[in-house]
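Before any comments, here is the structure.
Each chain gets a letter, A, B and so on, in the order the sequences are listed, and its residues count up from 1.
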Amino acid sequence: MNVIEISNVSKTFTLHNQGAAVIPVMSDVSLSVAAGECVGLLGASGAGKSTLMRLLWGNYLAASGQIVIAGTDVAKAEPREILALRRDRMAYVSQFLRVVPRVPTLDVVAEPLLVTGTPEDQALDAARALLTRLRIPERLWSLSPTTFSGGEQQRVNIARGFIRQVPVMLLDEPTASLDATNRETVLSLIEEAKARGTAIVGIFHDEAARDRVCDRMIEMERFAA
Amino acid sequence: MKPLFTVRDLEKRYGSRIGCTDVSFDLWPGEVMGIVGESGSGKSTLLSCLAGHMTPDQGQVHFDGRDVLAMSEPERRFLARTEWAFVHQNPRDGLRMAVSAGGNVGERLMAVGARHYGNIRETATDWLGRVEIASDRIDDRPSAFSGGMQQRLQIARNLVTGPRLVFMDEPTGGLDVSVQARLLDLLRGLVRKMGLSAIIVTHDLAVVRLLADRLMVMKGGRVVEQGLTDQVLDDPQHPYTQLLVSSVLQV
Ligand SMILES: Nc1ncnc2c1ncn2[C@@H]1O[C@H](COP(=O)(O)OP(=O)(O)OP(=O)(O)O)[C@@H](O)[C@H]1O
Ligand SMILES: Nc1ncnc2c1ncn2[C@@H]1O[C@H](COP(=O)(O)OP(=O)(O)OP(=O)(O)O)[C@@H](O)[C@H]1O
Ligand SMILES: [Mg+2]
Ligand SMILES: [Mg+2]
């Protein structure tokens with residue numbers, strides 16, 4: 001069963017305040033991803049890998065086509081439908097962590113569970129377990145991650161992404177700034193998610209990681225506009 | 001589920017000048033909508049028309065299936081006191097400065113029928129706690145409070161009756177940045193926990209990024225773009241929105 005079904009999607013950016021420059025990024029993208037499958041996106045810098053992820057997340061607006069994810073066409077959905085999809089069925093580990101200032105790490109990680117109505121003690125337990133597994137020292141849990149190192153922030157981001165079990169995950173360079181031990185943990189998390197039937201789209205510059213978790217690679221060149 | 005608040009073709013003119021025009025949207029239960037735009041773009045005019053402070057020249061406004069513009073003045077006032085709340089930019093406009101902090105909150109409870117003094121005081125104390133005002137300040141007047149405290153008190157006064165729809169006009173305007181961040185945290189928590197629907201007017205894109213599910217961008221009294229907040233901010237389609245987003249450093 002395909003959990004992600006992209007058909008005929010195109011994306012251009014028009015920069016109205018820079019002489020209406022038009023940047024065609026991709027055209028006629030069609031791609032499906034089945035439950036339990038991990039598809040990796042390949043391509044040079046600027047090829048549109050992150051843009052495609054953001055289209056799937058509903059963060060960028062598709063100029064045309066359909067992007068059906070776990071029953072919702074994000075290319076046409078209302079804001080509240082996209083928010084419901086993100087809340088219940090999809091997780092996104094972006095390249096960089098973006099958080100509300102002043103919120104402690106433990107709450108940042110537990111939040112995706114809390115908003116789906118998981119009791120607070122249960123959500124916090126799950127957050128502690130994942131932070132422990134990702135080796136974030138306990139003394140940091142009560143602090144906001146805004147001042148953490150790059151690798152620490154990335155692991156917080158990963159913990160936040162993996163705290164729920166969802167049918168769809170988007171992973172943008174999840175192992176980029178991690179040491180070997182933490183990288184291993186993240187790859188195991190990805191393998192466990194696949195085994196549960198999660199459909200994954202990922203960007204991995206790390207070739208060994210790619211070989212280990214991706215079932216298929218997609219060259220963005222194919223969709224060059 | 002049905003929309004909580006439905007607005008169609010709303011227009012308000014000041015003589016020949018447009019205040020706002022051609023505004024339509026549906027707000028769903030639990031949804032927070034931000035309205036942004038440059039000074040004079042019609043944000044406050046629109047909010048006033050929505051909240052019944054001003055009568056629009058055209059259009060329809062329905063709340064929970066009820067035609068708001070067809071209501072009698074007492075009916076509308078009752079609605080504004082019970083199921084709606086309005087948080088003003090200047091706390092002085094939303095507070096009674098001559099009444100104690102506890103009284104400001106308790107008064108609202110009494111207006112919706114609470115009579116037992118002990119219960120009223122207990123609820124008021126609880127709400128002051130929720131907005132981080134120490135319980136030993138309950139008998140002080142708001143004039144003895146800082147701007148940030150006054151704003152938090154105004155929020156307590158407005159939310160104590162458990163409204164379903166809250167209107168806010170620049171709720172963090174005029175406060176310094178660290179106080180703003182704290183207030184935003186607080187608002188965000190309250191809105192989520194109480195499942196409130198809200199419409200927030202602000203010129204601050206960081207505020208909407210944090211608080212609003214969806215965003216409406218206004219220019220010259222018209223809505224030029226609307227959609228999911230992060231989508232409008234990260235992939236703006238209209239030239240004016242692109243200008244607005246590129247004029248701020250980082251949100
Ligand atoms: N919000 C935006 N507005 C305008 N142009 C954008 C926007 N986002 C991306 N682009 C453009 O789209 C193209 C693809 O960018 P994208 O970030 O998807 O590349 P990428 O393949 O992820 O590259 P990298 O490997 O460097 O991360 C680039 O030309 C970029 O400048
Ligand atoms: N009472 C009034 N009489 C005449 N014109 C008015 C009145 N109130 C507002 N206007 C005009 O209507 C337009 C919209 O004003 P409004 O106050 O709604 O803007 P705003 O978007 O809230 O601006 P700001 O960000 O500065 O608060 C402006 O051109 C303004 O001058
Ligand atoms: Mg990228
Ligand atoms: Mg105004």
*Output the distance between atom CZ (B:Arg209) and atom CG (B:Asp204), rounded to the nearest 0.5 Å.*
12.0 Å
*Could you tell me which of B:Glu31, B:His238, B:Gln231, B:Arg188 has the largest number of non-hydrogen atom pairs under 4.5 Å with chain A?*
B:Gln231
_Point-to-point distance, once rounded to the nearest 0.5 Å, from CD1 of B:Ile155 to CD of B:Gln151_ = 5.5 Å
*So, do A:Ile69 and A:Met90 sit near enough that their side-chain heavy atoms are less than 4.5 Å apart?*
yes
*Which residues share a ring pair (Phe, Tyr, Trp, His ring centres under 6.0 Å) with B:His203, sequence neighbours left out*: none
*Centroid-centroid distance, B:Phe5 to B:Trp28, less than 6.0 Å*: no
*Is there any residue in residues 151-163 of chain A with a non-hydrogen atom under 4.5 Å from a non-hydrogen atom of chain B, and which ones are they?*
none
*Examine whether an atom of B:Gln237 lies under 4.5 Å from a heavy atom of chain A, and if so say whether it belongs to the side chain, the backbone or both; otherwise answer neither.*
both
*Given side chain to side chain donor-acceptor pair (under 3.5 Å), test A:Arg89 with A:Thr72 step by step and report yes or no.*
CA-CA 10 Å; A:Arg89 284 158 287 160; A:Thr72 300; 3.2 Å; yes
*Ion pair A:Arg222/A:Asp28, N-O distance below 4.0 Å*: no
*chain A heavy atoms under 4.5 Å from B:Leu210: which part of the residue, side chain, backbone, both or neither?*
side chain
*Examine whether an atom of A:Leu61 lies under 4.5 Å from a heavy atom of chain B, and if so say whether it belongs to the side chain, the backbone or both; otherwise answer neither.*
both
*asked:* When you measure from the centre of the six-membered ring of A:Trp57, is the NZ or CZ of A:Arg54 closer than 6.0 Å and no more than 45° off the axis?
replied: no
*asked:* Please classify the contact of A:Glu81 with chain B as side chain, backbone, both or neither, using a heavy-atom distance under 4.5 Å.
replied: neither
